[in-house]
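I have placed the structure first, in the form of structure tokens, so that the comments after it can refer back to it.
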Amino acid sequence: MQFQAQSNNEIASVYIKRANESLNNLDFSFAKEHFEKAMKYLDTINTSDVARLGTFIYFELKQYEEAKKYASYYFSLAKNKKSEEYTEMLTLSVDITEFLEKIAIEKKRQEEERIRQEKEYKRIDSLRLLWMTKSDMLSIKVDSIYQFNANNVAIYKKNDFFGLMNDLGKVLVEADEYEDIVSFDGYFIFKNKENEPTKLFCYNSKTSKGFLIPSISDFNTLATNYGKVMLPRGNGRLVTYPNNAKEPFVFDLNEQKTVKFLQVEEVLKSLKKSNFIDKYNNDGEVKIDKEWYLFGGHLGGGIHPIYSQEGYDLEGFLCSIDGRFLKKDSHFDFVGFFYNNSAQAVKGSQVFWINQNGTVLNETIDEDVDYQGKTKLTKLSNKNYQLLRDELIILGDEKLEKMEDFIKKSSEN
């Protein structure tokens with residue numbers, strides 16, 4: 001046992017010597033490596049020289065906690081407190097303590113900064129969550145929104161129904177009943193069915209008023225649906241072709257009343273005089289090209305619907321400007337009201353615009369198609385919509401800044 005102890009001390013002394021040499025050569029990493037090997041062979045620090053060596057090595061490596069530990073060993077082992085070495089170690093110990101204090105202060109500062117940043121991150125995350133919640137509340141959850149017109153209203157669709165809203169997101173007509181819609185020149189005609197509707201609702205975006213169009217049975221007791229519904233025109237006239245009827249349903253959307261053509265006899269007399277019809281009688285029947293038909297009123301512009309003498313078949317349209325007879329089989333299925341030098345005409349699924357004698361024109365411009373407002377429509381990734389105005393999300397009277405501006409504003413308050 002004695003031999004083993006002496007061998008360990010001797011081995012340790014070799015590493016202590018190497019550690020001193022490396023320290024003197026300013027090779028502090030090697031000095032530490034040799035010193036730590038020496039410590040494996042020593043049970044305790046039993047001399048002030050070894051403690052002093054450890055203090056200097058760890059001090060130079062800026063491992064101040066270890067340096068402080070070995071300085072404590074030194075002061076407990078040093079015999080001569082008046083020696084120059086002791087004074088040197090005392091000065092070094094003070095330096096170590098000051099460095100440790102600075103490190104402690106910096107660690108405290110870093111921890112406080114970490115806590116501050118963590119709180120800031122949480123605050124910003126909370127504001128982001130609040131903004132997203134508000135943003136969602138200002139989102140419009142519908143399937144689609146169409147373009148706003150010149151009167152600041154737009155069609156929207158939800159769950160296969162059509163509705164109407166203004167450019168602040170206020171719903172003007174709920175999308176819960178009407179499966180189809182036709183619109184033109186600022187008028188919106190909502191239909192409870194795409195084909196052969198039995199209920200029509202009109203919204204006049206020029207006056208911001210809506211109303212139910214009278215039941216078709218009020219116009220004709222035999223009619224059960226409005227049939228083909230044509231585009232409303234800028235003068236407020238709407239034309240539909242009800243079933244079981246021998247004339248179109250012409251309605252004045254401005255006056256909210258049915259338009260009855262009262263000058264039948266005068267027109268028939270004029271048509272006969274111009275040789276555009278062969279004959280007519282007091283029952284409103286007219287003879288054209290040796291065939292008898294029923295005169296069906298007036299669609300404006302001298303365009304007159306012509307029906308079969310028997311039954312309720314629409315046969316075509318007689319143009320009083322030149323006597324041209326636009327037969328349904330070879331020309332158009334339906335013609336709308338003539339206004340602003342044009343009338344809508346439909347053949348199957350095709351839509352045309354015609355003049356007073358049925359000549360096809362270029363596309364007619366919707367009077368109220370151009371939106372001049374400030375609202376911009378945007379579709380979100382979740383397929384909802386938002387309205388933007390002056391860089392703000394809006395919905396009714398509610399407004400919300402962009403997320404960055406919202407967080408900045410909240411931080412300043």
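Model, not experiment: these values are computed from the prediction.
Note on ring orientation: taking the six-membered ring where Trp is involved, the planes of F211 and F251 are tilted (angle from 30° to 60°). The aromatic rings of F261 and F295 lie tilted to each other, with the angle between the two planes from 30° to 60°.
No hydrogens or angles considered: nothing links the side chains of D49 and T47 as a donor-acceptor pair under 3.5 Å. Judged purely by distance below 3.5 Å, without hydrogens or angles, the side chains of N149 and S205 pair a donor atom with an acceptor atom.
Within a 6.0 Å sphere centred on CG of N25, heavy atoms belonging to other residues, nucleotides or ligands number more than 12.
Side-chain contact between F188 and L172: absent, with no pair of heavy atoms (C-beta onward) separated by less than 4.5 Å. Residues K246 and Y312 are in side-chain contact: their nearest non-hydrogen atoms beyond the backbone lie under 4.5 Å apart. Y178 has its side chain out of reach of D180: every pair of non-hydrogen atoms, C-beta onward, lies at least 4.5 Å apart.
Between the Y371 side chain and the Q147 main chain, no donor and acceptor come within less than 3.5 Å of each other. The backbone N or O of L392 lies less than 3.5 Å from no partner atom in the side chain of D390, so there is not a single donor-acceptor pair.
Remark: K328 fails to qualify as a cation-pi partner of F317 under the 6.0 Å distance and 45° angle criteria applied to the six-membered ring. At least one cation-pi condition fails for R233 and Y339: the charged atom is not both under 6.0 angstrom from the six-membered ring centre and inside a 45 degree cone around its axis.
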